[in-house]
Structures are given as C-alpha cells and as structure tokens.
Amino acid sequence: MQEQYQPREIENAAQTFWEEQKSFEVSEQLGKEPYYCLSMFPYPSGKLHMGHVRNYTIGDVISRYQRMLGKNVLQPIGWDAFGMPAENAAIKNNVAPAKWTYENINYMKDQLRSLGLAVDWSREVTTCKPDYYRWEQWLFIHLFKNGIIYKKSSTVNWDPIDQTVLANEQVIDGRGWRSGALIEKRKIPMYYFKITAYADELLSSLDDLPGWPEQVKTMQRNWIGKSTGMEVQFPYNVDSIGAAGVLKVFTNRPDTLMGVTYVAVAAEHPLATQAAQNNHELQAFIATCKYGSVAEADVATQEKKGLPTGLFVEHPLTCEKLPVWVTNYVLMHYGNGAVMAVPTHDERDLEFATKYNLPIDSIVRTNSSDTSQALRQDTYDIRSKLINSTEFDGLNFDGSLGSIKDTLIKKNLGTSRTQFRLRDWGISRQRYWGCPIPIIHCKTCGDVTVPEDQLPVVLPEDVMPNGAGSPLTRMPEFYECHCPQCGQSAKRETDTMDTFVESSWYYARYVSPHYEGGLLEKNLADYWLPVDQYIGGIEHATLHLLYARFFHKLMRDKGLVSSDEPFKNLLTQGMVVTETYYRRQANGDYTWFNPSDIELERDSKAKVINAKLKFDGLPVKIGGSEKMAKSKNNGVDPQLMIDRFGADTCRLFMMFASPPDMSAEWSDSGIKGSHRFLKRVWRLAHAHVSHGLPGTLDVKALSDEQKAIRRRTHLTIRQASQDLGQNHKFNTAIAQIMILMNVLEKAPQDSEQDRALVQEGLETVVLLLAPITPHISHKLWNHLGHINAIIDASWPVQDDSILTQDTMQLIIQVNGKLRDKIDIPAIASREDVETAARVNKNVLHFTKGLIIHKVIVVPGKLVNIVAS
Ligand code: ANZ
Ligand code: ZN
C-alpha cells in the first residue's frame with residue numbers, strides 16, 4: 001500500500017474497474033427489490049457547475065447506499081438537449097446547434113465520469129436524437145386524436161427580437177428574459193395540451209405524495225389555483241350598448257353582489273373593442289395594454305389604470321345602471337375577462353375606485369370602528385351582517401351567500417362555477433432547435449397528423465439559425481410535403497415543441513431506452529416505476545414537476561404505466577453559494593471578481609477583515625454570499641477542484657457542507673478540510689495495514705477500554721444509518737464518521753485484539769464513507785484485505801448488544817440560549833462533543849453568517865457556542 005493518498009491514481013483505477021465490470025448496468029432481477037434513483041438530467045450547456053456536482057453527488061450517495069442495502073438500483077442519466085441556448089451559441093460562434101450540443105455532451109460526459117457516479121451509462125438518453133423524440137411525436141399524435149392536444153389562437157407574450165413566444169416566467173418586468181425586448185401581446189395559432197382537464201386530479205393526488213416537501217406541494221396547489229364561485233350575468237343596458245345581451249363575470253364572492261358599483265373588463269374584451277371603435281383615447285389605452293406581461297404576478301403589482309367605455313350594464317338584482325370600465329388589472333384569459341367590482345371588499349377595486357372617483361358603497365357593517373379599516377377586505381368579519389342590501393339586509397356571510405346564489409340561479413342570471421388558475425399548456429415554439437410537431441397542414445383536410453409509420457419527423461441538423469425566426473420556415477425541403485389523407489401537396493408544421501415536453505417523460509424512457517417497439521416496454525415500466533427518489537432544484541417546483549406529473553397521468557391513461565404519480569419521493573437540493581467581491585467604478589457600475597483571484601486578510605480570530613485582488617494588491621469590497629452565478633463572477637469551476645483535490649474530496653465537501661435541502665456555502669478552507677480528513681483516513685489505514693492484518697476479533701474477551709472503542713464503532717453505524725437512510729442528513733453522518741476516526745487514531749495498537757478493533761473500526765469508516773467517497777473506499781477496502789469490491793459489500797449492521805448504557809444527553813446552546821438536546825456517547829471526548837455540536841442543525845441555523853469564537857464544553861452537561 002502506498003504511503004501517500006493519491007486521489008488521481010485511485011480514482012482513475014476505481015472508475016476503470018467499474019467501467020470494465022459494467023458495475024452499474026442493471027437489468028430487472030426478480031426477487032430483488034428495485035430502487036430507481038434519479039437526479040434531474042442536465043442541460044448540456046458546455047461545462048459542469050457546482051450545482052450539478054451537488055445534485056449528482058446527492059443522487060449518487062443515495063444510489064450507492066441503497067445498493068449496499070441489497071437493492072437493485074437504477075441510476076440513469078441523459079441530456080435535456082433541445083433549447084434556446086444552442087441557437088444563441090450558434091449565432092454567436094457560427095456553429096450549428098446540433099454540433100454545439102453534441103460537443104458539449106461529450107465534454108460534460110467526461111466531467112460527470114470524473115465524479116465517479118454509479119450511473120448506468122448504457123441507458124443514456126439524448127432528447128435531441130430522433131430515437132428519443134420519435135416517441136414524443138407518437139404520443140403527440142395519439143393525444144391530438146383524443147382531443148388532449150388541440151389548436152387555438154390565443155394571446156401570448158411575443159418577444160419581437162427573439163421572434164418567439166415566451167412563457168410568463170420568461171417575461172421579467174415586461175421584458176424578454178433573454179433579449180430584454182419590450183414584450184408585446186399577440187394572437188397566434190398554437191397547439192395546447194389540455195392540462196386543465198387534469199387539474200382536479202393534479203391537485204387531489206398531491207395528497208398522495210407524503211414523500212414530497214410541503215413547500216413544493218403548496219407551490220403546486222397555488223399554481224393550479226382552484227377557486228369556487230359563480231358566473232354572474234349582468235344584462236346589457238340596451239340604450240348604451242345598442243343590443244341585448246349579458247356580460248358574464250366570474251366571482252368567488254357572490255355574497256358581495258349588492259356592493260357592486262362598476263364592472264371592469266380586460267382590454268381585449270369584446271365590450272372594450274366595441275367601445276373603442278369611435279374612441280381614440282380608448283384605442284390608445286388598449287394599445288398600451290398590449291405591452292407588458294400576461295403574468296398574473298405582474299398584473300397584480302402594476303399601477304392600476306383604466307378608462308370608462310361609456311357603456312353600461314344592469315345589476316342583475318337591483319337593475320341599477322353600472323358603468324363598464326376598461327382596466328389593465330383584469331386578465332382576459334381568466335374567468336370571463338370581466339369583474340364585478342366591489343370596492344368595499346376587494347383591494348384592487350378599492351384602489352381603482354378611489355383613483356377614478358367611482359362610488360364605494362358599504363354593504364356590510366363590520367365590527368371595526370375604524371372606517372378606513374372597515375373598507376378593507378381583510379377586516380371582513382363573517383359574523384357581520386349585510387346592510388343597504390334590500391331583501392338581503394340582516395343576513396350574515398353564509399346566509400347572504402346562499403340566498404344571493406339561489407336568487408341568481410332562480411332568475412337564470414348565475415350558475416355555480418369552479419375556476420382554475422392553471423391554464424392549458426401552449427407548446428408551440430417558433431424555434432428551430434426543438435422537436436418538430438408532427439402535423440401536416442392541408443388546404444382541404446386541415447390539420448392532419450403524420451402517419452405513425454412516417455415517424456420520426458426528423459429535424460435537419462446541419463442548419464444555422466441567424467436569429468430571425470426559425471430557419472425551418474425558409475427550408476422547403478423540410479416543410480414541403482403531401483397530405484397523408486388526400487395526397488395533395490401540403491405544408492409541414494414548422495413550429496417545434498416547448499422543451500419542457502421532452503423533460504416531462506424522460507424518466508419513463510430510461511426503463512427501456514433503446515426500445516423500438518414503443519415509447520416504453522410495459523413490463524419494464526411496471527418493474528422500475530415510479531421513481532423512488534427524485535432529486536433536483538426547487539426552481540422546478542411548478543413547471544417541470546407539474547408537467548411530468550401530468551404526462552405520467554397521460555401515459556397511465558394510454559396504458560403505458562400503472563402508477564398515478566411519477567416520483568414517490570422528492571428532494572429539492574439547496575443552492576451552492578459563495579462570497580462575492582466587487583469594486584465600484586466611477587460611473588457607478590460594479591466589477592465583480594472571482595473568489596480565486598482574491599486574497600483574504602484575517603484577524604487573530606480568523607475573521608476576515610480585508611480582501612485584496614491578487615493581481616494588483618489593492619482592496620476590493622466583500623459583497624456577501626450569493627448563489628454561484630456568472631453575473632456575480634463567483635462561480636468556482638468544479639473541474640479545477642476535482643483536478644486539484646480529487647472527486648472524493650469534492651463529493652465529501654458537498655455532502656458535509658450542509659443538509660442537502662439547505663444552501664451550501666463553498667469555501668476554500670472547507671474543501672481543504674475535507675481533503676485533510678481523507679488524508680487522515682488514508683494515513684491511519686496505511687499505518688494499520690503496514691503491520692499486517694490482524695486476526696479475528698474476540699468480542700467476549702474485551703477490556704472495558706476496548707469495549708468503549710467498539711461501542712463507538714457500532715454507535716457510528718447506528719447514527720450514520722439513521723442520518724443517511726431515513727433523513728438524508730449526510731452532513732451529520734459524516735460528522736459521526738469523523739468522531740469515530742478521532743477515536744480510532746488514538747486507540748492503542750499494542751495487542752492483536754487492539755489491532756482487530758482498529759480493523760473493525762477502519763472497515764466501518766470505509767464502508768460508511770463508500771457512498772460518499774467511493775474511490776478511496778474502493779481502494780482501502782482491498783487494502784483492508786477484501787477481495788470483493790466494496791460496491792458489492794453490504795451496509796454494516798450495528799451490534800446492538802454493545803450499545804446499551806452508553807449515551808447521555810447534552811444540552812446545546814448558542815450564546816447561552818437553549819437550541820437543542822443531543823444524544824452523545826458517554827465516552828465521547830471533548831473535541832467529539834464539540835464536533836457534534838458544530839454540525840448540529842439548529843446550531844448551523846443560529847450561527848448562520850456568524851463567526852464562532854469559542855465552544856465551551858461542560859462535560860456531561862452542555863455545550864455553549866459563542867458566536868457573533
Ligand atoms: C367580486 C369580488 C369581491 C371578488 C370581493 C373578490 C373579492 P380567485 O380566487 O383568484 O379565482 N376576477 C375574476 N376574473 C378576473 C380576471 N379575469 N382578472 C382579474 N380578476 C378577476 O379570484 C376570483 C376573483 O378575482 C373574482 O371574485 C373577481 O373579483 C376577480 F370582495 O368578484 B371577485
Ligand atoms: Zn388533404
């Protein structure tokens with residue numbers, strides 16, 4: 001055994017071994033419990049970043065751990081390979097999107113391999129390849145025929161520079177997220193997935209997902225936004241509108257009907273269009289409403305503006321004449337695009353009515369004496385009673401709701417209605433680098449689906465987009481075709497699908513990635529699905545995760561899968577953050593410096609007091625910790641770290657830095673600390689092994705001191721199993737392993753039994769570390785005398801008989817305040833206690849951003865951490 005820890009050599013050898021043995025290629029095995037662990041697949045942007053390292057390490061630790069528990073573990077990976085960045089890069093660097101994408105994939109694949117992931121590479125899936133998107137087109141055709149996909153013209157966010165439709169999320173402050181262009185609203189024909197048909201189920205089956213973070217489920221519930229109320233009809237005032245008819249509004253508060261003082265409609269509403277015909281001012285206003293986002297969040301916060309139409313409708317019960325206003329705060333595509341305005345009960349209406357001097361009629365006597373407060377919706381008291389409401393006077397909330405509803409229904413002026421915020425998913429994109437929509441437009445037959453035996457509709461790959469719309473629209477060799485129904489010459493659809501479509505079902509394709517007879521092989525899907533553990537960023541809480549859930553239900557209804565939900569357990573990992581450094585220039589602009597170019601000056605307590613740029617030795621300002629990003633130039637290149645310290649060190653650091661769902665602070669000293677720890681493990685193993693391996697341990701013949709050491713080993717197994725298995729608390733598991741190492745380093749090596757105890761301890765360290773630092777564990781396992789590879793070893797099981805009577809409870813304080821109580825081995829040394837306290841979850845929380853100055857240990861009682 002080599003004396004020095006040499007990660008590069010060890011890691012290469014271990015990775016070669018796994019590759020040659022095809023260690024992680026799995027197939028279905030009867031009698032073995034399957035476990036499907038999946039990290040969200042990467043977009044091939046060109047380079048791995050720390051967020052990837054964290055995501056894939058978490059998934060890998062879970063996969064390897066589950067494998068050691070004896071499960072048949074599937075951990076696949078692939079590439080979310082379509083999308084705009086490839087087109088943008090193409091324009092910038094004059095290289096075709098396909099070429100750019102494939103080159104990036106090759107490069108990133110090497111990077112991922114160097115992390116030593118236990119991935120089944122034989123299942124790699126690349127979404128921009130025809131053998132993948134062929135099945136997306138196949139599903140599209142089926143869904144189109146079933147009416148789940150349909151075509152409609154609708155108002156979209158149009159980015160005039162990128163020449164494309166943007167999702168609401170891609171519009172920031174009324175501008176395109178990438179181009180910065182002022183967004184216009186436009187009507188264009190698009191294909192839609194009828195996700196609203198599944199809204200109720202998407203909502204209710206969230207309750208069947210106990211393994212999902214509450215936060216994510218709440219975000220999905222809000223996104224789906226179920227609202228129950230009524231559609232109320234306001235008859236036209238024929239004198240002003242010139243025709244009979246009704247204006248329909250959606251309200252979730254029919255009880256406030258008697259307080260309506262005006263009606264507000266969206267700029268695109270037919271009554272607005274009618275009123276604008278001879279009204280230039282109104283035309284101009286409606287035109288300005290065309291700009292800006294269609295996102296509700298933006299609509300809610302923008303300044304409320306409006307104009308009267310000169311048209312009137314009548315109150316359905318009192319027949320009072322109510323003015324119709326055009327406003328920018330009513331959305332056309334929600335409810336009926338029209339609102340009955342109740343200034344006394346709705347904040348928005350109150351703000352608008354106040355601004356434009358519209359009447360504000362109080363209909364409810366509240367219990368509050370403060371009238372301005374009483375006007376506010378949130379002081380509305382369910383026990384208060386209606387006033388100024390004719391026949392409904394004196395009724396409380398329930399009473400008025402019921403009787404107003406009944407009255408409206410009886411008069412045929414209202415119906416109960418459930419409304420979802422969720423809207424159908426428009427998937428047409430006027431972009432080149434995406435999956436072609438398998439539709440042919442025929443003058444006679446209309447929209448005809450491409451026959452199944454003509455799939456895939458292949459996207460030509462040697463194409464250079466130039467930024468002005470999709471090049472497909474300029475390629476007759478792509479779009480000229482014949483109608484499959486009548487044979488006339490016809491035109492192929494040139495729009496491609498939203499890239500969220502590919503990522504909605506890739507997890508299912510992995511079960512049979514090379515299957516040519518269908519989207520998936522049913523028996524394999526039944527064996528592997530649903531995914532046991534899904535891991536990814538919280539930024540996917542709504543769109544991706546909702547679409548994937550929707551697709552799973554579509555696939556279920558098509559008979560492809562048997563489960564209702566795709567992901568049993570979800571882990572949303574936190575961000576990787578690090579310090580930022582900057583200077584401000586004379587013109588006020590910021591220049592951001594990369595942490596690797598900075599030299600820090602510390603005081604005697606290791607607190608950073610100054611930062612200088614290495615290059616010129618002059619000071620820079622410290623800007624606080626933020627998510628690693630190009631904009632703040634605070635990214636740390638994982639490849640540099642892997643080259644310098646090895647993948648195991650990077651993996652260990654990532655898992656030790658914080659629990660996986662919290663943000664992890666990258667630090668130079670942290671990564672060095674992780675590296676030192678692995679060197680210590682190596683050193684101890686080397687010292688131990690170089691004296692020859694000891695004989696077997698005689699458990700019955702141990703002294704009390706020896707028992708204490710053995711107890712520590714088995715306690716560590718118990719603790720690490722709990723932390724890793726049940727709670728995904730990798731950081732505290734690692735802390736336990738570190739404590740064990742401290743004990744082993746000090747353990748006597750005199751007798752054969754002493755050495756057998758260290759052997760047991762070291763084997764435990766190596767086994768427990770195996771999911772986290774697989775390469776060093778692989779090597780040391782062999783050095784410790786095992787012929788079989790550690791990936792085939794079982795997770796250790798503690799000997800409970802030795803664990804009795806050995807723990808005590810310690811109080812943990814931060815600055816004198818009780819923050820937690822922990823169980824710690826009775827034999828734990830002062831520094832073990834300190835280590836355990838430092839990684840305690842509550843301590844991390846309460847010392848966040850603080851410097852720890854002192855850790856006071858009162859043996860057997862408490863630990864107090866002094867920080868400021
Ligand atoms: C009268 C009223 C009185 C309302 C009151 C609210 C409070 P949710 O729960 O989100 O569905 N609304 C209806 N359609 C709208 C549209 N297209 N654009 C903007 N606002 C619209 O909200 C339903 C409420 O949002 C409806 O109930 C309506 O205002 C408004 F004290 O009607 B309400
Ligand atoms: Zn035809």
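In listed order, ligands and their atoms are each counted from 1.
R421 counts as a contact of ligand 1, since one of its heavy atoms falls under 4.0 Å from the ligand. Within the 4.0 Å heavy-atom cutoff, G335 does not count among the residues contacting ligand 1. Using a non-hydrogen distance threshold of 4.0 Å, Q419 does not register as a contact of ligand 1.
Close approach of ligand 1 to Y329 (heavy-atom distance below 4.0 Å) involves ligand atoms 19 (C). Numbered from 1 in the order shown, with element, the atoms of ligand 1 that lie under 4.0 Å from a heavy atom of R348 read 20 (N), 25 (O), 29 (O), 30 (C). Near H345, the atoms of ligand 1 lying under 4.0 angstrom from a non-hydrogen atom of the residue are 5 (C), 31 (F). Shown in contact with V330 at under 4.0 Å from a heavy atom are these atoms of ligand 1, numbered in order with element: 16 (C), 17 (N), 18 (N), 19 (C). Which parts of ligand 1 touch T256 is read off a 4.0 Å heavy-atom cut-off, strictly below it: atoms 3 (C), 31 (F).
The option from N336, T251, V342 that lies nearest to atom 32 (O) of ligand 1, judged by heavy atoms, is T251.
Proximity of N252 to ligand 1, defined as any heavy-atom pair under 4.0 Å, is shared by backbone and side chain alike. Only the side chain of V339 comes within contact range of ligand 1, with a heavy atom under 4.0 Å; no backbone atom does. By the criterion of a heavy-atom distance under 4.0 Å, neither the backbone nor the side chain of M332 is placed next to ligand 1.
Ring to ring, F352 and W325 are close: their centroids are under 6.0 angstrom apart. A ring-centre distance under 6.0 Å is found for F82 and Y133. Ring centroid separation for the pair Y547 and W425 comes in under the 6.0 Å cut-off.
Sorted by first and then second residue, the salt bridge (charged side-chain N to carboxylate O under 4.0 Å, His left out) pairs with a member in residues 201-221 read E201-K553, E201-R556, D207-R221, E214-K217; sequence neighbours excluded. Here ring-ring contact (aromatic ring centres under 6.0 Å, His included) pairs that include residues 226-254, with residues two or more places apart or in two chains, number zero.
Residues forming a side chain to side chain contact (heavy atoms under 4.5 Å, CB included) with D557 (at least two apart in sequence, or on another chain): Y198.
Judged by the 6.0 Å and 45° rule, K321 forms a cation-pi pair with F312. Geometric assessment of R421 against the ring of Y334 yields a positive cation-pi assignment under the 6.0 Å and 45° thresholds.
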Salt bridge (Lys or Arg N to Asp or Glu O under 4.0 Å) evaluation trace for D495 with R429: CA-CA 5 Å; D495 282 356; R429 296 288 178 275; over 6 Å; no
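Excluding waters, the count of protein N/O/S atoms less than 2.8 Å from the Zn ion (ligand 2) comes to 4.
Closest heavy-atom contact between L206 and R549: CD2-NH1, 3.2 Å.
Under the side chain to side chain contact (heavy atoms under 4.5 Å, CB included) test applied with T496, the options L472, I437, I427 reduce to a single match, L472.
With 3.5 Å as the limit, one finds no donor-acceptor pair spanning the side chains of Y191 and D424.
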